[in-house]
Amino acid sequence: MIAALLLVPTLTGLLCFALRADSGRRAVLLLAALVHAGLTVTTWWQLPAPMLNDWLQLDAPGRVFLTITSVLFLAAAVYSLGYLRQETHVTRTDIEEGFLFANAPEATFTGCLLLFLAAMTLVTCSHRFGLLWVAIEMTTLVSAPLIYFHRHHRSLEAAWKYLMICSVGIALALLGNFFLAVAATNPGGEPIPLVLGDLVREAAHLHPTWLKAAFLLLLVGYGTKMGLAPLHTWLPDAHSEAPSVVSALLSGALLNCAFLGILRAQQVCSAAGQAAFGQDLLVGFGLLSIAVAAIFIVGQSDYKRMLAYSSVEHMGILSLGVGLGGAATFGSLLHAVNHSLTKAMLFLAAGNILTVYRSKSTTEVRGVLHVLPTSGALWIVGFLAITGSPPFGLFLSELTIVKAAIDQGRVGVVAAFLTLLMAIFIGMAAVVLRMAQGTPPDRPQPLTSQSESLLSTLPAAALAGIVLLLGLYLPPFLTQALETAAQALR
Amino acid sequence: MTTWSDTALILLVLTDFSLLGSTRLGACIRFVAFQGVLLGVLTLTAHEEMLSLRSVTLAIISSGLKGAAFPWLLLRALQAANVRREIEPFVGYNLSLAIGTVALLASLWLSSRLPLPSPLVSPLLVPVALFTSFTGLFLIIARKKALTQVVGYLVMENGIYAFGVGTVPDTPLLVELGVLLDVFVAVFVMGIAVFHISRQFDHIDTDQLAVLKD
C-alpha cells in the first residue's frame, strides 16, 4: 500500500519526461493525482502495513498530512490542466518589466510536479530519521525547477535563493540527525535504532545534552524549510515568482511536511522528558514568525507576497500551538488542515486574478468582483477564512489554541497573539477589499466581465467548501485522527 | 588506523584554510575534490574494527562522488560560466583567514564542551568536522560568485559527513547512500542554476540577484 502510494507518482513523474505529447502528459498528471487520492482515502479504513523494518509506516499524524497533500495535489492537478493550456509554446511578455521570456518545457513542469508529490508522500510515511531527511531534501530539489518555470531573471533569483537557503538549512538538520545518533549510542548496550517508535520507547536512555543539541539543529534546519522567522527569507520570493499552482502546493503541502519533521523531533524530546525545552523554543519561534508576518503584511504592495507572509504567520501559529502543548496541540494540527486548504484556494484564486489583470500590484488591481465574479467571490471568502473569521474552520482552530493558552494562564502570549492577528486582519482586509471592489482600471482594452473556465474556479471552490464544512461540522473520524496524533505528542 | 585518520583530519584543516584564502575558482574546486578523497580515507580508518564491506563500499562511492563526480560537474559549470577568479568577495581573503583561525579555536572549545558518550578514533575528529562545516557556511555567506557558494555548500556537507562517519558507525548503508544521492542531485541542480545565471546575467555574481525584496 505504502509502496503503491510512493510508486504511482514516482513512475508517472518519470513517464512524463519520456512522453512526447502534451495532452498525454496532462492526462497522466490527472490520472496519477486521482489514483493517489483514491489510495489515500483507503488508508482511512485501514492503516497500511509497515514496510522495511518499520522504516516506512503511516501513523496518525502522517496520515493527516498525507491526506492534505493528496487533496491539494488533486486540486492543483485539475487547475494545472487549464493553466498549462494557456501557458504552452508561446513567448510571453513579462508583466513587470515587459521583456520577453519562455517557459520551461512542459515535461519539466508535470514531471517535477509528480516527483514533488512522491517526495512529499515519502516525508509523511518515513519513520526513520535519516530517510525523513532524505525525503525533505528531495522535496527542495524537485520543486526548485517548478519555481523556475517562467524562465526569467526574477524567478531564477527566487529559485537560487530557495535552493541555497533551504539546502543549507537542511544540511544543519543532517548534522542534527547525526547528533541524535550520538544521543542514541546508549553506552553499555546496543545503540537505539533511529526509528521513531524505537526512539520513543527507549527515550529514557537518550543522552540529554546531545538530544537537546539535536532538537535545536533539527528545528533550525526544518524550520528553514517550514518558513519560521527569521529563517523565512526564501519564502516570499519563491511564492511570488512561482506559478500560482506551484505556490499553492508549496504553501499548503510542503510547509506542512517540514512541520511534520519538527513534530517527529518534538515527539522524541517529549518522550525523553525534555518536552519543556522544545516547547519554549517553539513558542518563541511561533510568536516571532507571527510578528514578522504582521509587519510585512501591513502595507504589502504585492498580493502574492502578502499570501506568502500569511503562510509565515500560519506556520508561526502551528509552532505556537505545539509549543503550548495540551489542547493547543490538537488545535495546531486542526489548524494545519484548515490553513493548507484555505491557502491553496487563495493562491489558485490569485492565479486567476493574475492571468486577467497581468499585475501583482495591490494598487493596480481593482474591481475583481466585477471582472471575475467567481474568483472575486472566492478571493473574499478566502480572505475571511484565512484571517480566522467565523464560520470557517480556521476560526475554530485558532480559538482552540487561544483557549488552551488562557487555560494555562499565559496571558502575555494570548495578548500578543490576538493583537498580532488583529493587525494582520486589518492589513489583509485593506488589500483584499480594495482589490475586490471599485472599478476596473482603464487599460488599452478595458477589462470587462469575463466568463471563467470551470477548470480555474472549481478546484478553489471545492477547497473553500471543505474549509467551510470543517468550520460548521468536524467529522468524527477527523477529530479522532487528530486526537490520536496530538496524543502522540504529549 | 589512528595515524591515518589524524593525517586525513589535519589535511582537511589545511584544505579548509586553502579554500578560505584562494581566489581561483578552479583551485577551490580541486581543493574540494581533495577533501572528498580525504573523506574516503576517513571512512576506511575511522573505526577500530577491520575493514568491513560496508565501509569499503561507502568509501568508494563517497570518494567517487565527492572526489570525482562533483568536481567534474563544477568544472563544467565553470567552463560554461567562463570565469576564473572570485574578485572582490564580500569578505577579503586576509580577513577570511583570520576568521578561520578564530573559528578553529571556537570549534576546539565547543567540542571540549560536548563530551561524547563513547571514545572516538581521534580527539581531532569533532573539532575538525565542526570547523569544516563552519568554513563551508562562511564561504556561502562571504563569497559573491554562485559557483563559490556551491563549493561552500559542498565543504559544509563534507564537514557534516566527516562528523557522521567518525561518530556514528552503524548508520544503515541505505540512509548513507540516500544522503549521498541527495547531495549529488543538489550539486547537479545547483550546477544547472549556475549555468542559467551565467546565461541570464552574463556573469555569476549573486549580489546582482537582489531584485526581490520588501
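The basis for the numbers below is simple: all heavy atoms, side chains too, and nothing from hydrogens, waters or symmetry mates. Letters A, B, ... mirror the listed sequences (proteins, then strands); counts begin at 1.
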Quiz item: Is chain A contacted by the side chain of B:I197, its backbone, both, or neither, given a heavy-atom distance below 4.5 Å?
Solution: both

Self-check item: Nearest heavy-atom neighbours spanning B:I160 and A:A171
Solution: CD1-O, 3.2 Å

Quiz item: Counting heavy-atom pairs under 4.5 Å to chain B, which of A:L194, A:L52, A:V168, A:V142 comes out on top?
Solution: A:V168

Exercise. Please determine, among B:I192, B:L181, B:V185, B:L114, the option with the most heavy-atom pairs under 4.5 Å with chain A.
Key: B:L114

Quiz item: How long is the span from the CZ atom in B:F163 to the CG atom in A:L174, to the nearest 0.5 Å?
Solution: 10.5 Å

Find the N and O donor-acceptor pairs between chain A and chain B that sit under 3.5 Å apart.
unit_1: A:Y148; atom_1: OH; unit_2: B:H196; atom_2: ND1; d: 3.4
unit_1: A:E157; atom_1: OE1; unit_2: B:V211; atom_2: N; d: 3.1
unit_1: A:E157; atom_1: OE2; unit_2: B:A210; atom_2: N; d: 3.4
unit_1: A:E157; atom_1: OE2; unit_2: B:V211; atom_2: N; d: 3.2
unit_1: A:E157; atom_1: OE2; unit_2: B:L212; atom_2: N; d: 3.2
unit_1: A:W160; atom_1: NE1; unit_2: B:Q149; atom_2: OE1; d: 3.4
unit_1: A:K161; atom_1: NZ; unit_2: B:L212; atom_2: O; d: 3.3
unit_1: A:W210; atom_1: NE1; unit_2: B:P115; atom_2: O; d: 2.9
unit_1: A:Q300; atom_1: NE2; unit_2: B:D214; atom_2: OD1; d: 3.2
unit_1: A:R305; atom_1: NE; unit_2: B:D214; atom_2: OD1; d: 3.1
unit_1: A:R305; atom_1: NH2; unit_2: B:D214; atom_2: OD2; d: 3.1
unit_1: A:Y309; atom_1: OH; unit_2: B:D214; atom_2: OD2; d: 2.3

Quiz prompt | Nearest heavy-atom neighbours spanning A:M164 and B:V150 | solution = CE-N, 4.2 Å

Practice problem: Return the minimal non-hydrogen interatomic distance between A:V182 and B:L116, and the atom names on each side. | Solution: CG1-CD2, 3.5 Å

Quiz prompt | Atom group of A:A158 that falls short of 4.5 Å from chain B, counting heavy atoms | solution = both

Quiz item: Within a radius of less than 6.0 Å around CZ of B:F188, do more than 12 heavy atoms belonging to other residues, nucleotides or ligands occur?
Solution: no

Self-check item: Top contributor to chain A contacts, counting heavy-atom pairs under 4.5 Å, from B:A146, B:A193, B:G159
Solution: B:A146

Quiz item: Measuring heavy-atom distances to chain B, does A:L156 have an atom under 4.5 Å in its side chain, in its backbone, in both, or in neither?
Solution: side chain

Quiz item: Which heavy-atom pair separates B:G178 from A:V134 by the least distance, and what is that distance?
Solution: C-CG2, 3.7 Å

Quiz item: Where does B:M156 contact chain A at under 4.5 Å (heavy atoms): side chain, backbone, both or neither?
Solution: side chain

Practice problem: Side chain from CB out, backbone as N, CA, C, O: work out which of these in B:A129 comes under 4.5 Å of a heavy atom of chain A, or both, or neither. | Solution: neither

